[in-house]
Amino acid sequence: MTSRIRCAICEQLPQIPQLKNIYHALEVPTKKQNANALPILQWNLPASVVAQQEHDLLQSVRKLRFDATYIEEVRVMPSKGRTAAKVEFQLEPEAFTSQLLQVEVPTTTATTVSAKEHIVVEYSSPNIAKPFHVGHLRSTIIGNVLANLHTHLGYRTTRLNYLGDWGTQFGLLALGVQMSNVSDAEMRSAPIETLYKAYVKANKAAESDDQVSQRARDIFASLEAGEDAAMVSQWHEYRRYTIEELTRVYERLGVHFDSYEWESQYSQGQISDVLKQLRTANLLQREKDGREIVVVDNRRVPIIKSDGTTLYLARDIAALVERHSRLQFSRMLYVVDNGQADHFNALFKTATALDNNLSLEKLQHVKFGRIHGMSTRKGQAIFLRDVLDEARDVMREKRSASETTKINSLWDDDRVCDILGVSAVLINVLKQRRQRDHEFNWQHALQVNGDTGIKLQYTHCRLHSLLTNFGHIQLADIKPSWSYFAQEPHAVDLLYELARFEQCVWQSQQQLEACVLVNYLFGLCNSTSRALKHLPVKQETDSHKQTQRLLLFNAAKRTLKQGMELLSLQPLNQIRAA
């Protein structure tokens, strides 16, 4: 990558507080350069920040002396009309090429981000009484990618899965387990499915019998008060079984968490201090019907029901205040669908009114739209596991129908098909702008041609195969040569595409949009395919050209692999058996 060059520039530039993250903001222009043009990095100055000091800032840049090892010339261009001011750094081409194509790269990414900045991301967060359905898919994979991006950029990142295991509906769940005579063996074999069936049974009975509803409320009140030790013990078992099953789905998605937390951690007993603070601050008001509410933007939002039990907003307030104290985060991201906007508005404004050390700038609801049409071919899918199994099975059918597929007992066909299917599903979702509703289409998601997860995997495998065939060549001993690449437009195009990786990762994180990185990887694959077509390696008789092309394709594979892993994909080296 271009980390040393970026550092060499940033070290000399004026340190202005408003101009943050210049390291990542340095751009490789997307407009194709002239064939004879030398590589540049471009710094576009944000007009809103430098309007009053543009002249002095540009003058100071003109006087700076940059490291000639990396920078040949600096061109300063003041703003003109609607065109913002910018600074172009013409790079020393051999250093630029060497930085991009070096075989041994640093294990850490140079960054201007302070590791003291602690980002907490809460995502996935299913309820244990309901299936892990496709609605949780977007929260899970978007949240995991955002956590990956922050970690990659140098932030200290904590990944939270906050599971719903509390509230009156869980009184129904406990009652449903009793009514269904669920055995421990049934619970262990399929906890989420078993709990869901029990909940549905009790909920249906409650619709026609008020006594069932009352029994459920009594059970939950007993749970919240901690009066039934046997029930509490059983509850812990349900949660353990649930995490074990969820973990199997998460592993298939390339998802992991630093901490599993529970809504029940903040039951009536645990949040009594927070409720007392709310009352003391006159934020909690009692209604005539016995409910206690907070007023947010002229809306009267319930916190405590008339029977004294807490609503989940109360538990979320307690959780947020406790997390801020415990984790000391700089920023907290809640990755939850668009429909919860009012809830998070009430949560953030109430919690910040309660805790003077907590500000709205530290809190963000990362919204996303719904997925429509994601079901198996047999009908509507309730469980995400069914969707992932369907993707795996479709990939197996496609591979079996391929005439070039060979049988190899040493090759784990199921595993490869599962990775391909998961890749297809994830990329089909991640390539969309997150706030838009998304219509899932199996045919589009699983095709090889076009912008799909299969395309990313296929390109990675193609590069791996090429490099393996020339494994006898020690690429670390080959010195990259700009003079060769300058004669090959497709090589220069791919070089510039590789140089854009760092800025695209940063832009993806800044916008909290995985699609920025996804679209970059599609472009990288396209540039790589064109280069593979026009810059053959096996047929090339000139050994210098051959090794330079291998360096280029090695860097392309490394960058593609890194990008895929940031998107939680597991890059394959081989799709078909050898």
Enquirer: Assign the ring pair His152 / Phe501 to parallel, tilted or perpendicular, where the plane angle (0 to 90°) is split at 30° and 60°.
Expert: perpendicular
Enquirer: How far apart are the C-alpha atoms of Phe485 and Phe96, what are their side-chain angles, what is the distance that settles it, and do they pass the side-chain contact (heavy atoms from CB on, under 4.5 Å) test?
Expert: CA-CA 12 Å; Phe485 293 112; Phe96 171 75; over 6 Å; no
Enquirer: Hey, are Thr528 and Thr459 close enough side-chain-wise for a donor-acceptor pair under 3.5 Å?
Expert: no
Enquirer: Decide whether Glu92 and Thr69 meet the rule of one side-chain donor and one side-chain acceptor closer than 3.5 Å.
Expert: no
Enquirer: For Ile427, which of Leu456, Asp451, Val422 qualifies under side chain to side chain contact (heavy atoms under 4.5 Å, CB included)?
Expert: Leu456
Enquirer: Checking side chain to side chain donor-acceptor pair (under 3.5 Å) between Arg331 and each of Gln364, Glu361, His118, which is the one that passes?
Expert: Gln364
Enquirer: Check whether the side chains of Gln503 and Glu27 place a donor and an acceptor atom closer than 3.5 Å, and report yes or no.
Expert: no
Enquirer: Quick one: do Arg385 and Arg252 satisfy side-chain contact (heavy atoms from CB on, under 4.5 Å)? Show the steps, please.
Expert: CA-CA 9 Å; Arg385 179 190 60 219; Arg252 294 175 72 180; 4.1 Å; yes
Enquirer: Would you give the length of the straight line joining atom SG of Cys525 to atom CE of Met564, rounded to the nearest 0.5 angstrom?
Expert: 8.0 Å
Enquirer: I'd like to know if the side chain of Lys561 pairs up with that of Asn573 as donor and acceptor (distance under 3.5 Å, no hydrogens or angles considered).
Expert: no
Enquirer: Please check if atom CZ in Arg436 has more than 12 non-hydrogen atoms from other residues, nucleotides or ligands closer than 6.0 Å.
Expert: no
Enquirer: Less than 3.5 Å apart, any donor N or O on the side chain of Tyr520 or Gln507 sitting next to an acceptor on the other?
Expert: no
Enquirer: Can you confirm whether or not the ring centre of Tyr260 sits under 6.0 Å from the ring centre of Tyr162?
Expert: no
Enquirer: With the threshold set at 4.0 Å, does a side-chain nitrogen-carboxylate oxygen contact exist between Asp393 and Arg396?
Expert: yes
Enquirer: To the nearest 0.5 Å, what is the distance between NZ (Lys86) and CD1 (Ile40)?
Expert: 7.0 Å
Enquirer: Salt bridge check: are Arg138 and Asp437 linked by an N-O gap of less than 4.0 Å?
Expert: no
Enquirer: If you measure only the distance, is there a donor-acceptor pair under 3.5 Å linking the side chains of Tyr250 and Asn144?
Expert: no
Enquirer: Are any of the side-chain nitrogens in Asp493 or Arg530 under 4.0 Å away from the carboxylate oxygens of its partner?
Expert: yes
Enquirer: Apply side-chain hydrogen bond (donor to acceptor under 3.5 Å, both in side chains) to the pair Ser139 and Ser124, showing each step before the final yes or no.
Expert: CA-CA 5 Å; Ser139 172; Ser124 193; 5.6 Å; no
Enquirer: With a 3.5 Å cut-off and no angle check, do the side chains of Ser423 and Gln457 form a donor-acceptor pair?
Expert: yes
Enquirer: Test His150 against every option in Thr158, Leu512, Val120 by the side chain to side chain contact (heavy atoms under 4.5 Å, CB included) rule and name the one that passes.
Expert: Leu512
